[in-house]
Number of protein chains: 2
Amino acid sequence: MKPQPNPESVPMRARILAAATQMLAENGYEGTSLQRIADKVGLRKPSLLHHFPSKDALRQAVLDTIFSGWAQVLPRVLKSKGDGQDRFTLTMRETMNFFAEDKDRARLILREILDNPDGLSKRLGATLAPWMQRFTASLVKGKDAGTVRQELDPEAFVAHTAALALGAFALADAARGLLGDDQLDPNRLQEECLRMTRAALFN
Amino acid sequence: MKPQPNPESVPMRARILAAATQMLAENGYEGTSLQRIADKVGLRKPSLLHHFPSKDALRQAVLDTIFSGWAQVLPRVLKSKGDGQDRFTLTMRETMNFFAEDKDRARLILREILDNPDGLSKRLGATLAPWMQRFTASLVKGKDAGTVRQELDPEAFVAHTAALALGAFALADAARGLLGDDQLDPNRLQEECLRMTRAALFN
DNA sequence: CCTACCGATCGGTAGG
DNA sequence: CCTACCGATCGGTAGG
């Protein structure tokens with residue numbers, strides 16, 4: 001017989017994670033108390049600390065969930081068929097879809113970059129850096145083959161493209177204030193982001 | 001005789017503002033206590049609250065300083081001579097220089113967008129929105145004249161360009177983890193950002 | 001999963 | 001510009 005966890009405990013961990021994700025994205029780490037997370041999920045604070053031994057452990061679990069979700073998107077897309085242009089387009093679309101699915105994801109990553117750049121750098125270095133370097137290398141190859149613009153700076157382009165994909169969704173709310181309020185639905189942001197990066201990338 | 005403020009008091013207000021700016025950019029609003037600001041500037045907490053009546057008032061003063069600085073950059077540049085392409089290039093350069101001068105600026109604005117999107121929207125709407133709408137309008141005109149790409153989505157382009165200019169400097173630290181650590185000095189980021197937006201903008 | 005409680009720190013005030 | 005102090009809340013623990 002396998003050890004049988006309390007049937008309630010599996011959904012409870014997920015419920016805590018979901019509540020914490022939303023509150024951390026909305027109010028940040030320092031702006032979110034364990035008490036308020038516990039209230040939202042219908043527990044006392046010590047009970048919450050039974051599922052996650054500390055506030056920082058809960059933060060890490062939230063980030064792990066997001067990054068493992070993102071890590072599932074990238075390999076699937078980079079193995080796809082087609083030339084470099086097709087693969088770039090598909091990668092951008094899948095990445096933006098991942099963030100569009102749940103806007104908390106982009107906001108949480110942005111917050112983590114601001115709050116804890118070194119810690120996030122390590123995490124990114126471990127999981128995403130290999131894919132980024134592959135991307136950078138394919139840009140260099142594309143320049144040699146003449147499909148990619150000669151003036152393009154591969155490392156800087158990758159950094160800016162990542163910033164664009166993140167920013168488009170995390171900052172959409174504030175953008176509404178910059179312009180004429182209405183319009184600017186996520187779809188238009190997504191299509192223009194793709195058009196801009198493609199225009200800047202390919203000959 | 002004009003009322004003569006205590007000669008110490010003018011630099012003290014500025015010293016508090018400078019310390020608060022740096023600490024709010026680094027740790028965020030909830031992550032920065034009045035006590036630590038007071039310590040850094042060599043005051044007791046109640047004395048700090050004599051210069052700024054509340055923590056929120058201090059936050060607003062910090063943001064006011066940044067936005068009035070930015071508001072000085074934009075009109076100067078938009079009145080410059082040259083065609084639309086020259087003006088776009090100059091505007092981007094001046095904006096990026098403004099953020100490069102002090103990286104706290106971009107980080108602080110990004111944090112404010114995340115923490116308080118509605119409040120920031122109002123502030124942006126009051127000061128920056130007219131300039132943004134002028135920019136958007138000139139994009140529409142450029143499309144009619146054939147200098148600007150037909151496929152360009154003006155509102156979305158403006159939003160993404162702003163996100164790029166902000167992100168390039170606020171996220172530079174984390175970007176170092178994504179790529180091969182070294183290299184990626186601000187200058188390269190700035191030049192590539194300009195190249196990308198120009199390539200996406202003009203025929 | 002709970003009650004009860006810990007020391008530390010929070011923003012802010014009283015009063016001089 | 002200070003000392004002294006306020007109630008509230010923080011993350012976390014003891015113990016069951």
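Naming: A, B, ... by sequence-line order, numbering from 1 per chain.
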Please give me the minimum heavy-atom distance between [X] and [Y], naming the atom from each residue.
| X | Y | answer |
| --- | --- | --- |
| A:E94 | A:V73 | CB-CG1, 3.7 Å |
| A:R87 | A:V77 | CD-O, 4.1 Å |
| B:A25 | B:R107 | O-NE, 3.8 Å |

Round to the nearest Å and state the distance from [X] atom [atom1] to [N] atom [atom2].
| X | N | atom1 | atom2 | result |
| --- | --- | --- | --- | --- |
| B:E30 | C:dT9 | CD | C1' | 14 Å |
| A:F52 | C:dC1 | CZ | P | 12 Å |
| A:M23 | D:dG11 | CE | P | 10 Å |
| B:Q35 | D:dT3 | CD | P | 11 Å |
| B:L58 | C:dG12 | CG | P | 10 Å |
| B:K55 | C:dG11 | NZ | P | 4 Å |
| B:I37 | C:dC10 | CD1 | C1' | 13 Å |
| A:H50 | D:dA14 | NE2 | P | 16 Å |

* Closest nucleotide of DNA chain D for A:P53 versus for B:P46: which of these residues is on the 5' side? ->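 Here B:P46 is the residue nearer the 5' end.
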* 5' priority, DNA chain D, between B:K45 and B:G42 [closest heavy atom] ->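 Counting from the 5' end, the first nearest nucleotide belongs to B:G42.
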* N or O in side chain of A:S33 less than 4.0 angstrom from D:dT9 OP1/OP2 ->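 For A:S33, the contact criterion (side-chain N or O under 4.0 Å from OP1 or OP2 of D:dT9) is not met.
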* Can you find a side chain N or O atom of A:H51 that sits less than 4.0 Å from OP1 or OP2 on C:dC1? ->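 So the side-chain polar atoms of A:H51 do come within 4.0 Å of the phosphate oxygens OP1 or OP2 of C:dC1, strictly under.
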* Give the dot-bracket string for DNA chain D, reading 5' to 3', where a pair is Watson-Crick or G-U wobble with both distances under 3.5 Å, ( ) marks pairs inside the strand, [ ] marks pairs crossing earlier ones, | marks a partner on another strand, and . marks unpaired. => ||||||||||||||||
* Asked: Is a side-chain N or O of B:T65 found less than 3.5 angstrom from the main chain of B:A61, in a donor-acceptor match?
  ->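 Between the backbone of B:A61 and the side chain of B:T65 there is a qualifying donor-acceptor contact (under 3.5 Å).
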* Asked: Under 6.0 Å from the six-membered ring centre of B:Y29 and within 45° of its axis: does the NZ or CZ of B:R111 meet both?
  ->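 Pair B:R111/B:Y29 does not count as cation-pi.
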* Over-ring placement of B:R105 relative to B:F169, 6.0 Å and 45° cut-offs ->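 Negative - B:R105 is either too far from the ring of B:F169 or too far off its axis.
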* Asked: Does atom CZ of A:R195 have more than 12 heavy-atom neighbours, drawn from other residues, nucleotides or ligands, at distances under 6.0 Å?
  ->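 Enclosed.
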* Asked: Base, sugar-phosphate, or nothing: which does B:S47 touch, judged by heavy atoms less than 4.0 Å apart?
  ->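 Answer is base: heavy atoms of B:S47 come under 4.0 Å of a base.
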* Asked: What does B:L49 touch in the nucleic acid at a heavy-atom separation under 4.0 angstrom: a base, only the sugar-phosphate, or nothing?
  ->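 If one applies the 4.0 Å heavy-atom cut-off, B:L49 turns out to touch a base.
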